[in-house]
Amino acid sequence: MKYRNVTFRSLLVISALAISLAALAALCVAQRIPMADTLVYRAEGAAVANGTALHVFTVTEWQLPAAYPPFAAILFVPTTWLPVPALKVVLVVGNVLLLALLVRLSCRFAGLPARLPLVIAAVAAGLWLEPVFQTLHFGEINLALVCLVLWDLSRDEKAIGKGFPLGVAAGITLTPAVFIVHLLITGRVRAGLTALASFTGTVLLGALVLPLASVEFWTGRIFETGRTGKVWIVDSQSLQGLFARLLHTPDPGAVWLLAAAATAVAGLWIARRAPERWGVPAVAYTTLLVSPVSWSHHWVWCVPLLALLIAEGRSRTARWRSTPVRALPAPRAEYPRTDELSTRPEVVAGRREVD
């Protein structure tokens, strides 16, 4: 009987995943999803491979420019080895597998069991979380970066090279560098310095391979936050986007800067005082808020957060169930003794009437 139940559950979750993937594939075909960011990665890799200027071109009908550091462009070179249709398939399949990995890492980080049926069911549902779906829609690398950061931060403090993957992630896209600050202010100096050295190494490697592009990026392009899109549109979920919409201006200026500075200080302070399992998402969401641009697909940190919330709910339920319930004492009925009953006036009067 147990074997049949396990088999039925397995077939159920596999069927759910198959239906979810089929619906996703049908939607991609029907909507002709362009995966525009994948084309940007490919163009950056081609610029490195061909020795052309990195930050002068735009691609797709939306005129998207190169926005990543030179080190990331070096890593994008393999995207030129495949034709565009095949590259898109590889990105979609890779992101689905990365979602499964992220679910497993999130479960381990939150202290949840990471059994295979659970992971498959979570992937089937997680594909339709807005940040995850948008990552697939644009052909982004957010899932890979979150997996890299979460895996590194969840390792033992004495693990070999702890901090190195975090520094690499920061070298690809700068926002994970806030986690380096978190490591340092929480006393994990060794891991923090390792991450800082790793990040510095990515900058030096980019400068060695692409010296002109590195000078251009680190002295100018890094400050051009509007190059990747309009910060005031609803897709921009950072504080800058929020204030741009509230104030009806494309440049909220000092208002956003002050709010971002206050949020950064408060977020890092909360993360420092919180348990590690809550400190990590606190840093992640602080980073997303204070970053000049945080598109909705950057918020794939919702996957670890959901795992933590589920674990917290399970823990509270378990504590509630384990709390002993003390039975209230049953009400005691007071019956008079026989000698008391025989001397009561009403009883005596009754006897006289009978006599």
Side-chain angles (χ1 to χ4, degrees), residues 35-49 54-55 59 64-81 87 90-91 94-95 97-99 101-102 105 131 134-136 138-153 161-183 191-192 194-210 213-214 216-218 221-225 227-229 238 280 283-284 287-288 290-295 297-301 304:
M35 298 179 68
D37 289 339
T38 298
L39 302 180
V40 175
Y41 304 151
R42 195 172 190 274
E44 291 191 35
V48 176
L54 183 59
H55 296 104
V59 294
L64 298 176
Y68 287 85
F71 172 72
I74 297 171
L75 298 183
F76 294 150
V77 170
T79 61
T80 64
W81 301 344
L87 178 62
V90 169
L91 260 293
N95 272 325
L97 294 176
L98 284 169
L99 176 59
L101 176 60
L102 181 57
L105 290 172
Q134 292 292 343
T135 292
L136 295 166
F138 289 105
E140 269 281 351
I141 59 173
N142 304 303
L143 290 169
L145 294 171
V146 173
C147 284
L148 194 61
V149 173
L150 187 61
W151 171 71
D152 191 25
L153 293 177
K162 182 177 176 66
F164 183 85
L166 173 59
V168 172
I172 296 173
T173 180
L174 303 176
T175 49
V178 181
F179 285 100
I180 301 178
V181 179
H182 174 63
L183 289 176
T194 301
L196 184 60
S198 175
F199 171 68
T200 304
T202 65
V203 176
L204 294 177
L205 179 59
L208 179 65
V209 178
L210 302 168
S214 294
E216 182 180 4
F217 179 83
W218 294 108
R221 299 295 185 182
I222 189 175
F223 304 107
E224 299 175 0
T225 57
R227 296 181 73 239
T228 58
S238 65
V280 170
V283 175
T287 303
L288 290 168
V290 304
S291 176
V293 177
S294 291
W295 303 119
H297 53 74
H298 292 157
W299 292 73
V300 287
W301 279 98

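We number each residue from 1, following the sequence as shown. Worth saying up front: this structure is predicted, and the values here are computed from it rather than measured.
In this structure the side chain of Cys147 reaches within 4.5 angstrom of the side chain of Leu105, judged on heavy atoms. The closest side-chain heavy-atom distance from Val203 to Phe71 is not below 4.5 Å. In this structure, Ser238 and Leu288 have side chains that are not in contact, with every pair of non-hydrogen atoms separated by 4.5 Å or more. Inter-residue side-chain proximity for Leu101 and Trp151 is flagged as unmet; no heavy-atom pair is nearer than 4.5 Å. Between Leu204 and Phe199 the shortest side-chain heavy-atom distance does not fall below 4.5 Å. No side-chain heavy atom of Leu39 sits less than 4.5 Å from a side-chain heavy atom of Leu87. Looking at Phe217 and Leu210, their side chains never come closer than 4.5 Å, going by heavy atoms from C-beta outward.
Side-chain atoms of Asn95 never come within 3.5 Å of backbone atoms of Leu136 as a donor-acceptor pair (strictly under, hydrogens ignored). Checked by atom type and distance alone, the side chain of Asn142 never pairs as donor or acceptor with a backbone atom of Val300 at under 3.5 Å. A donor-acceptor contact shorter than 3.5 Å links the side chain of Arg221 to the backbone of His55.
Atom CG of Leu196 is separated from atom CD1 of Ile180 by 5.5 Å, given to the nearest 0.5 angstrom. Atom OG1 of residue Thr200 and atom CG of residue Leu205 lie 12.5 Å apart, to the nearest 0.5 angstrom. Once rounded to the nearest 0.5 Å, the distance linking CG of Leu183 with NZ of Lys162 reads 7.0 Å. The structure places CG of Leu166 at 11.0 Å from CG of Leu145, a figure rounded to the nearest 0.5 Å. For the atom pair Leu98 CG and Leu91 CG, the distance stands at 9.5 Å (nearest 0.5 Å). Atom OG1 of Thr135 and atom CH2 of Trp295 lie 14.0 Å apart (nearest 0.5 Å).
Every residue two or more places apart in sequence or in another chain was checked for a ring pair (Phe, Tyr, Trp, His ring centres under 6.0 Å) with Phe164, and none qualifies.
The list of side chain to side chain donor-acceptor pair (under 3.5 Å) pairs with a residue in residues 35-49, not counting sequence neighbours, reads Tyr41-Tyr68, Tyr41-Glu140.
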